[in-house]
Protein chains: 2
Amino acid sequence: MILTSKIESFVMHCGEMGSRWGFNRTVGQMYGLLIIHQEPLTAVDISEALNISRGNVSMGIKELQSWRLVQVQHKPKDRKEYYSPAGTIWEMATRVFEERRKREIDPTLSLLRDNLLDEPANQKEVYAQEKMHEIHDLLETVTHWAGELQSMSPEKLNTLMKLGAGVSKVINLKDKLINKS
Amino acid sequence: MILTSKIESFVMHCGEMGSRWGFNRTVGQMYGLLIIHQEPLTAVDISEALNISRGNVSMGIKELQSWRLVQVQHKPKDRKEYYSPAGTIWEMATRVFEERRKREIDPTLSLLRDNLLDEPANQKEVYAQEKMHEIHDLLETVTHWAGELQSMSPEKLNTLMKLGAGVSKVINLKDKLINKS
DNA sequence: TTAAACTTTCAGAAATTACTGAAACTTCAG
DNA sequence: CTGAAGTTTCAGTAATTTCTGAAAGTTTAA
């Protein structure tokens, strides 16, 4: 498996960005490779293309599976596992988004909820709870919003996205309708 | 500077989440502490409250400043620098969001743009470019959308957020209006 | 069963990232 | 100026994360 320089630059870039997207370098590279390569790849293909150990590929695939970003296929008369990206680019973006929400927001939300149950014990805690409340409300709104977006069909989401500057106008419209009634 | 257990748990949680939010443990703790503490804190306060070295505080503050999340204040007759969170919770969330977009999306967008300028050299590259195109378009839409949200006033944004399930309906409404005309 | 062909696991090594603390730097009151 | 009170820098060390490769596990064809 030899990569042309353009493809290689994409794969390496995915590696560099990997940690920013929530996984590590090799997992990023693996994911980039799977996306950019039309045919499903075996663990050995990946290990050779990226010059990483077989064991590392196994762990990386596990990680990508935990993000629901790859799927396994089998070919007849062949015992090997073939990996390919799971779903369309759009679906995968949605999954990364959702998964990150779970990892980055949900734990905080739950901590805040717990802390807000207790009575503040002193002046400092009163202030602290106010702030925690603000953060809690913000995160809850964002979470709710994110869920909303996810429950929309890709086409509708796209409409909403493309609406662009129009969103603002539509809200005004809605406001008017509400006020009238 | 001693923290009550509830406040401490919040600060430590911010530390643990730090790396997921884009910075490291101590930077996360520092940020949590500044948010939860009503009065601005000096570098020494922070270093004592979190048991970290003075030098580390300095580096952490620099990092938080690069995210535009802290501001420096001075008190009369006092040469020390006092740090406090910059802006409301909402504004700070917006900044983290924007800053992450810059770090997580913009570089990829620029790489993809470059790669898409060249002609594909073979069949594999044709496929690769298709995929890169899809990713490019997705990221561009998201970026555009994010910019849109950011240009809206916090109140309007909140209205939009609170709209929740209504968004879908509003879009339908808009569609109808367009179709009628 | 057996053994070939594959995958997974995990202890230890390597690489990366974060932290300390001492020295250098800056600022300002006297 | 001088030095006291602060901040920043950065080389070296500590902590954490990632990767390797060998051993253990799994699956299936014969």
Side-chain angles (χ1 to χ4, degrees), chain A residues 1 11-34 40-67 70-84 103-104, chain B residues 1 11-34 40-67 70-84 103-104:
Chain A
M1 274 271 312
V11 171
M12 292 303 130
H13 175 85
C14 292
E16 280 150 36
M17 299 305 283
S19 58
R20 300 195 174 172
W21 297 340
F23 15 82
N24 68 34
R25 184 156 39 82
T26 40
V27 172
Q29 290 174 351
M30 288 172 57
Y31 189 38
L33 181 64
L34 289 174
L41 296 171
T42 65
V44 171
D45 292 338
I46 296 172
S47 134
E48 285 172 0
L50 303 177
N51 266 302
I52 58 181
S53 76
R54 189 60 198 68
N56 200 3
V57 172
S58 177
M59 292 191 293
I61 291 289
K62 225 169 97 192
E63 172 79 1
L64 286 172
Q65 279 170 335
S66 86
W67 287 77
V70 288
Q71 60 191 21
V72 184
Q73 286 167 303
H74 286 274
K75 294 194 179 177
K77 284 277 183 188
D78 190 341
R79 211 188 289 164
K80 286 193 280 293
E81 304 197 320
Y82 287 82
Y83 305 103
S84 58
R103 294 164 196 225
E104 296 171 11
Chain B
M1 276 272 309
V11 171
M12 292 305 132
H13 176 85
C14 291
E16 280 150 36
M17 298 305 283
S19 58
R20 299 194 174 174
W21 296 339
F23 16 83
N24 68 33
R25 183 154 40 81
T26 41
V27 172
Q29 290 175 349
M30 288 173 56
Y31 190 39
L33 181 64
L34 289 174
L41 295 171
T42 65
V44 171
D45 292 337
I46 297 172
S47 135
E48 285 172 0
L50 303 177
N51 267 302
I52 58 179
S53 76
R54 189 59 198 69
N56 200 4
V57 172
S58 175
M59 292 191 294
I61 291 290
K62 224 168 99 191
E63 171 80 0
L64 285 173
Q65 279 169 335
S66 85
W67 287 76
V70 289
Q71 59 192 21
V72 185
Q73 286 167 301
H74 286 274
K75 293 194 181 177
K77 282 276 181 190
D78 189 341
R79 211 189 289 164
K80 285 193 283 293
E81 303 196 322
Y82 287 82
Y83 304 103
S84 58
R103 294 164 196 226
E104 297 171 10

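Just so it is clear: chains get the letters A, B, ... in the order the sequence lines come, proteins before strands, and each one is counted from 1. Side chains are part of it too, since the values below use all heavy atoms of this structure and drop only hydrogens, waters and symmetry mates. Because the structure is a prediction, the values reported are computed rather than measured.
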Would you confirm whether [X], through its side chain, and [Y], through its main-chain N or O, come within 3.5 Å as a donor-acceptor pair?
X	Y	value
Arg20(B)	Arg103(A)	yes
Ser47(B)	Ile52(B)	yes
His74(A)	Tyr82(A)	no

**Message:** Return whichever of Gln65(A) or Ser19(A) has its heavy-atom-nearest nucleotide of DNA chain C closer to the 5' end.
**Reply:**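 The 5'-side residue here is Gln65(A).
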Within this structure, what is the [atom1]-to-[atom2] distance between [X] and [N], rounded to whole angstrom?
X	N	atom1	atom2	result
His74(A)	dA5(C)	NE2	P	17 Å
Gln73(A)	dT7(C)	CD	P	14 Å
Glu16(A)	dA15(C)	CD	C1'	16 Å
Asn24(B)	dT16(C)	CG	C1'	13 Å
Glu63(A)	dT17(D)	CD	P	13 Å
Lys77(B)	dC28(C)	NZ	C1'	12 Å

With heavy-atom distances below 4.5 Å as the criterion, would you say the side chains of [X] and [Y] are in contact?
X	Y	result
Gln71(A)	Ser84(A)	yes
Lys62(B)	Ser66(B)	no
Met59(A)	Asn56(A)	yes
Tyr83(B)	Val72(B)	yes

Can you check nucleotides 1-5 of chain D for protein contacts, nitrogen or oxygen pairs under 3.5 Å, and list what you find?
| residue | atom | partner | partner atom | Å |
| --- | --- | --- | --- | --- |
| dA5(D) | N3 | Arg79(B) | NH1 | 3.0 |

**Prompt:** Side chain of Asp78(A): nearest nucleotide among dC6(C), dT16(D), dT8(D)?
**Reply:**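 Taking heavy atoms from C-beta onward, the closest nucleotide is dC6(C).
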**Message:** What's the separation between atom CD1 in Ile61(A) and atom CD1 in Ile46(A), rounded to the nearest 0.5 Å?
**Reply:** 4.0 Å
**Item:** Under the side-chain contact (heavy atoms from CB on, under 4.5 Å) test, residues paired with Arg79(A) that sit two or more places apart
**Value:** none
**Request:** Scan residues 42-62 of chain A against DNA chain C and write down, sorted by residue number, each residue with any heavy atom closer than 4.0 Å; if none is found, say none.
**Result:** Arg54(A), Gly55(A), Ser58(A), Met59(A), Lys62(A)
